[in-house]
There are 2 protein chains.
Amino acid sequence: MCNYLVYHHRMANSIPSAATMRAWRAFLEAHSRLTTRLGDELEAETGLPLSWYDVLVHLAEATGNRLRMTDLAGAVLLSKSGLTRLVDRLCAAGLVARCPDPDDRRGTFVELTEAGRNRLRAASPVHLRGIEEHFGRHFTGPEATALATLLGRIQR
Amino acid sequence: MCNYLVYHHRMANSIPSAATMRAWRAFLEAHSRLTTRLGDELEAETGLPLSWYDVLVHLAEATGNRLRMTDLAGAVLLSKSGLTRLVDRLCAAGLVARCPDPDDRRGTFVELTEAGRNRLRAASPVHLRGIEEHFGRHFTGPEATALATLLGRIQR
DNA sequence: GCCAACTCGTTGCGTGTACAACTATCTTAG
DNA sequence: CTAAGATAGTTGTACACGCAACGAGTTGGC
């Protein structure tokens with residue numbers, strides 16, 4: 001899924017410029033190639049799918065290494081049901097554990113296990129190297145900052 | 001699926017800078033939000049999924065409004081089998097047609113039908129407006145050009 | 001010319017995801 | 001205090017996608 005290029009049919013206003021369309025195309029193409037490549041590398045070298053890694057990182061960053069299902073779903077940009085199944089798999093692999101929230105018996109915390117922490121520690125250098133090699137290395141420091149600023153304008 | 005943030009574990013070299021990581025996070029988040037939003041809008045207002053739109057645009061741009069399966073798969077960044085199924089659906093909807101390549105009897109052309117062209121003409125303003133409203137509008141002309149240049153460095 | 005190697009597109013299968021409906025729990029208005 | 005509504009997470013179901021294997025067709029070395 002990716003291109004959605006201009007089909008020339010100029011209307012009154014609010015039509016993207018040619019530069020905008022070039023940026024949009026480059027954006028989509030870059031995303032597709034980067035996620036595919038980084039995902040393949042991570043899985044090949046560490047056996048960890050990108051979605052698993054993503055969950056582990058968010059838990060590792062959270063205070064207490066635990067997060068509520070809903071919050072985690074928001075963090076990894078997944079639907080609630082999608083996260084339920086993903087956490088099922090991570091639980092089965094022993095990398096995270098579910099524990100009930102005593103203050104709200106509807107809620108569930110997802111907590112990083114020791115095995116999960118170790119697994120993340122092992123995978124992290126591989127993925128970071130990949131990010132640098134396939135993404136960061138193409139930009140100077142100021143360029144990376146500019147990129148973050150520009151893309152950061154797309155919010156919520 | 002999305003974050004893959006830094007888990008601080010500094011190694012010798014080739015570790016992404018903080019600016020790179022900010023850019024990477026912003027990139028992933030922007031992509032997730034934009035594709036979701038644009039896809040929802042397009043489907044709600046025109047009944048056309050983004051993947052369908054993408055195919056139609058590429059055919060409309062191709063000479064003769066036709067493309068070989070493999071080339072089309074490359075253009076829309078989909079696997080061969082994924083494209084086979086997608087084209088199945090578009091055929092069933094009457095928006096494209098398959099026709100054999102007389103010069104290579106293994107090959108198949110996918111061709112835009114009149115209905116497909118009309119459907120694309122109707123959907124295109126909606127999607128372009130969306131691109132401008134959710135993406136282009138956040139950038140000045142030079143910024144969009146810079147973005148295209150920077151992202152364009154991620155190749156192949 | 002012929003067989004091996006390659007290419008094109010499709011199919012079987014497994015997987016990951018979203019949506020909607022559901023259960024259990026919490027919150028709030030009256 | 002209770003009933004109505006909101007919220008947390010799970011489950012049923014459908015679907016889109018990739019990978020590997022396949023059948024048909026093409027190409028190149030000998």
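Between the CZ atom of A/Arg68 and the C1' atom of D/dT10 there is a distance of 14 Å, rounded to whole Å. A straight line from CE of B/Met69 to C1' of D/dA24 spans 15 Å, rounded to a whole angstrom. Residue A/Glu43 contributes atom CD, which lies 15 Å from atom P of D/dG18 at whole-angstrom precision. Taking atom CH2 of residue B/Trp52 and atom C1' of nucleotide D/dC15, one finds them 13 Å apart after rounding to whole Å. For B/Phe109 and C/dC8, the CZ to P distance is 12 Å, given to the nearest whole Å. The nearest whole Å value for the distance from the CG atom in A/Asp71 to the P atom in D/dT7 is 14 Å. For the pair A/Leu72 CG and D/dG9 P, the interatomic distance rounds to 10 Å; values are reported in whole Å. In this structure, A/Arg66 places its CZ atom 12 Å from P of D/dG9, rounding to the nearest Å.
In summary, A/Arg153 and B/Glu143 engage in a salt bridge, as defined by a charged side-chain N under 4.0 Å from a carboxylate O. Taking the charged nitrogens against the carboxylate oxygens, A/Arg129 and A/Glu45 do have a contact shorter than 4.0 Å, which makes a salt bridge. We find that B/Arg117 and B/Glu111 are not joined by a salt bridge, their nearest charged nitrogen and carboxylate oxygen being 4.0 Å or further apart. Between A/Arg33 and A/Glu29, at least one side-chain nitrogen of the basic residue sits less than 4.0 Å from a carboxylate oxygen of the acidic one, meeting the salt-bridge criterion.
B/Ser79 comes within 4.0 angstrom of a base, heavy atoms only.
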Using atom types as modelled, flag every donor-acceptor pair under 3.5 Å from a side chain in residues 87-103 of chain A to any protein atom, sequence neighbours excluded.
from, atom 1, to, atom 2, distance (Å)
A/Asp88, OD1, A/Arg98, NH2, 2.0
A/Arg89, NE, A/Arg85, O, 3.4
A/Asp101, OD1, A/Asp103, N, 2.8
A/Asp101, OD2, A/Arg68, NH1, 2.6

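Residues B/Phe139 and B/Thr145 fail the side-chain proximity criterion, which asks for heavy atoms closer than 4.5 Å. With a 4.5 Å cut-off on side-chain heavy atoms, B/Phe27 and A/Leu34 count as touching.
Across residues 80-90 of chain A, A/Lys80, A/Ser81, A/Thr84, A/Arg85 each have a non-hydrogen atom less than 4.0 Å from an atom of DNA chain D (numbered order). Within residues 98-107 of chain A, the residues having any heavy atom under 4.0 Å from DNA chain C are, by residue number, A/Asp104, A/Arg105, A/Arg106.
Linking ILVMFWY side-chain heavy atoms closer than 4.5 Å, directly or via other members, places A/Leu56 and A/Met69 in a single hydrophobic cluster.
Not one side-chain nitrogen or oxygen of B/Thr108 sits closer than 4.0 Å to the OP1 or OP2 atom of C/dC8.
The aromatic rings of B/His31 and A/His31 sit parallel, their planes meeting at an angle under 30°, below the 60° perpendicular limit.
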